[in-house]
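To start, the structure itself, in structure tokens.
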Amino acid sequence: MQQAKRVFPKGFMWGGAIAANQAEGAWNKDSKGMSTADIAINKKNINKNDYKGLNAIDDNQIKKAMIDPSDANYPKRRGIDFYHRYPEDLALMGEMGLKVLRLSIAWTRIYPNGDEAQPNEAGLQFYDSLFAEMHRHGIEPLVTLSHYEMPMHLVNEYGGWTSRKVVDFFGNFCKTVFNRYKDQVKYWITFNEIDGIVRHPFTNGGIVPDRFENVEQAVYQALHHQFIASALAVKYGHELMPEAKIGCMLTSLLHYPHTCSPDDVLAAHRNNEFNLFFSDVQIRGKYPNYMKRFFKEKGIEFQQLEGDAELLQTYTADFLSFSYYNSFVASKDSEGLEKVSGNTMGGVKNPYLPLSEWGWQIDPTGLRIILNTLYSRYQIPLFVVENGLGAYDKVDEDGRIKDDYRISYFKSHIEEMHEAVLDGVELMGYTVWGIIDLISYSSSEMEKRYGMIYVDQDDDGNGTLARMKKDSFYWYKEVIEKNGL
Ligand code: BG6
């Protein structure tokens, strides 16, 4: 076989990523409780640029969903039936040569309501079998503890993460899964895209905006609790598994200035700084000064207990993982400028970048920039745990799925990632988002496909659920074999 020209460091973790709530389905099987994801309706008909509409949720929708026993309107309830089909899926991923699969443990399988004293044994057994099967295929699990799937009971009875009690409940969940899986799982991530709470408080924080007078204040209170919960997860995890690596995670939202006017540069700087606030706390171990000013000017006050500052300082993350899909443009005054959106937020359109079919700006160079930015700032290992292209795929008559657009997306991003490694960035690995087609997070669509493995299911849940290899499947297999391009 030909040698790769862009070779990655030995032991580089090539992989894929999914999340329980978007893949497992079986939303009420084996005593699983209802989670925030089970409330989400298909929003395929919403204008793709209406990111506010995509992020919206109200009390009525929740009340209706809570009493609806069917999965007809709630695609995440059915997922892609990974719950039953994981042996076949893992066999395909094994064939691809994946070294690592990032997935999450659904809190509601282990503690259906979130506040029980004892875990649900059936839920624990499911992940026993899943991890065992992964190891049989030589695939290392990278487990996210919280990926947009908190128990609805905690939302309704405690106000989600605004309650300090939820820190304890999450701590119990962490201890339970650490104890149970300490021999199977070495890599953990505490919260998926912890910064998402400011854009979609419900999915990240279990905050129903209608139920709070001051939503912004509730958001920062909940976020503080998640910072503490994340620090405690690092503490408990290291006590039980001294060798384990426990990381935090960010949505990287890189902003360029619209022009070289200092005002635009400052606007971009502010947005970038705000994006890094979350990792500043979790890696540098304290609230940065620029946020103290922000809180003061906005009159935001949230409760911090004695000892919190010490917890944040002591139990910082071992690595920084992040998702990267697109970049943004900031301007001091964006009125009259053309706008785009992507990944639950919007900005000014960048004339230099192509758009995906969902209007997300595709920017491989941005990945190199963000890798360098994060590494210069924190000097700890980085992990790209999500990167991918949502697209409409077509199955040809001969059963082939020619997703050359996806291959070129990945190729260009991997090239830039390799440049960043040459720049000196310490990079643990790369897990492509949606290694297998799954339900999209923001719009709950099935037809927004990210996978290298196709799943025969449409937006209404019709289809055989059969799995098929796309062209990108074979391409990525070769990348992994050669450890590069
Ligand atoms: C990330 C999430 O923000 O983006 C994933 O962690 C999500 O859960 C992914 O699926 C892509 O977004 P979407 O809305 O296209 O599924």
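In this chain, numbering begins with 1 at the start of the sequence shown. Heavy-atom basis, side chains included; hydrogens, waters and symmetry copies ignored. Only a predicted model underlies this, so the values are computations on that prediction, with no experimental measurement involved. In listed order, ligands and their atoms are each counted from 1.
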(message) Any nitrogen or oxygen of Ser443 lying under 3.5 Å from a nitrogen or oxygen in ligand 1? Just yes or no.
(response) no

(request) Determine, for Arg102 against Glu386, whether the closest basic-nitrogen to carboxylate-oxygen distance falls under 4.0 angstrom. (result) yes

(request) Mark up the atoms of ligand 1 that fall under 4.0 Å of a heavy atom belonging to Asn343, in ascending order. (result) 3 (O), 4 (O)

(request) Give the atoms of ligand 1, by number and element, whose distance to some non-hydrogen atom of Asn192 is under 4.0 Å. (result) 6 (O)

(request) Output the list of atoms in ligand 1 that are nearer than 4.0 Å to some heavy atom of Trp360, sorted by atom number. (result) 12 (O), 15 (O)

(message) Quiz question: by atom type and distance under 3.5 Å, do the side chains of Thr464 and Asp456 form a donor-acceptor pair?
(response) yes

(request) May I ask you to identify the nearest protein heavy atom to atom 9 (C) of ligand 1, giving residue, atom name and distance to one decimal place in Å? (result) Tyr325 OH, 3.3 Å

(message) I'd like to know whether ligand 1 has Thr251 as a neighbour, heavy-atom separation below 4.0 Å.
(response) no

(request) Look at ligand 1 and say whether Trp358 reaches it with a heavy atom at a distance under 4.0 Å. (result) no

(message) Any carboxylate oxygen within less than 4.0 angstrom of a Lys/Arg side-chain nitrogen, looking at Asp59 and Lys63?
(response) yes

(request) Around atom 1 (C) of ligand 1, find the nearest protein heavy atom and jot down its residue, atom name and distance. (result) Glu386 OE1, 2.9 Å

(request) Examine Tyr450 against ligand 1 and note whether any of their N/O atoms are separated by less than 3.5 Å. (result) yes

(message) So Asn113 and Leu154, do their side chains get closer than 4.5 Å, heavy atoms only?
(response) no

(request) Look only at interatomic distance and state if Glu193 has a nitrogen or oxygen under 3.5 Å from any nitrogen or oxygen of ligand 1. (result) yes

(request) State whether Asp89 and Arg85 are salt-bridged, where the test is any N-O pair (Lys NZ or Arg NE/NH1/NH2 against Asp/Glu carboxylate O) under 4.0 Å. (result) no

(request) Before accepting this row, confirm whether a basic side-chain N of the pair Glu95/Lys469 lies closer than 4.0 Å to the acidic partner's carboxylate O. (result) yes

(message) List ligand 1 atoms under 4.0 Å from His147, heavy atoms only on the residue side.
(response) 5 (C), 6 (O), 8 (O)

(message) Any salt bridge linking Arg406 with Asp393? Criterion: basic side-chain nitrogen under 4.0 Å from a carboxylate oxygen.
(response) yes

(request) Indicate whether the side chain of Tyr290 and that of Asp280 have a donor and an acceptor atom separated by less than 3.5 Å. (result) yes

(request) Using a strict cut-off of 4.0 Å, indicate which atoms of ligand 1 neighbour a heavy atom of Tyr441. (result) 7 (C), 8 (O), 10 (O), 13 (P), 14 (O), 16 (O)

(message) Using a 4.0 Å cutoff against the non-hydrogen atoms of Lys448, which atoms of ligand 1 qualify?
(response) 13 (P), 14 (O), 15 (O)

(message) Could you check whether any side-chain heavy atom of Gln282 comes within less than 4.5 Å of a side-chain heavy atom of Ser230, counting everything from C-beta outward?
(response) yes

(message) Under 4.0 Å between a side-chain nitrogen and a carboxylate oxygen: does that hold for Asp460 and Arg78?
(response) no

(message) Among all the protein's non-hydrogen atoms, which is closest to atom 10 (O) of ligand 1, and how far away is it?
(response) Gln22 NE2, 2.9 Å

(request) Note the single closest protein heavy atom to atom 14 (O) of ligand 1, along with its residue, its atom name and the distance in Å. (result) Ser442 OG, 2.5 Å

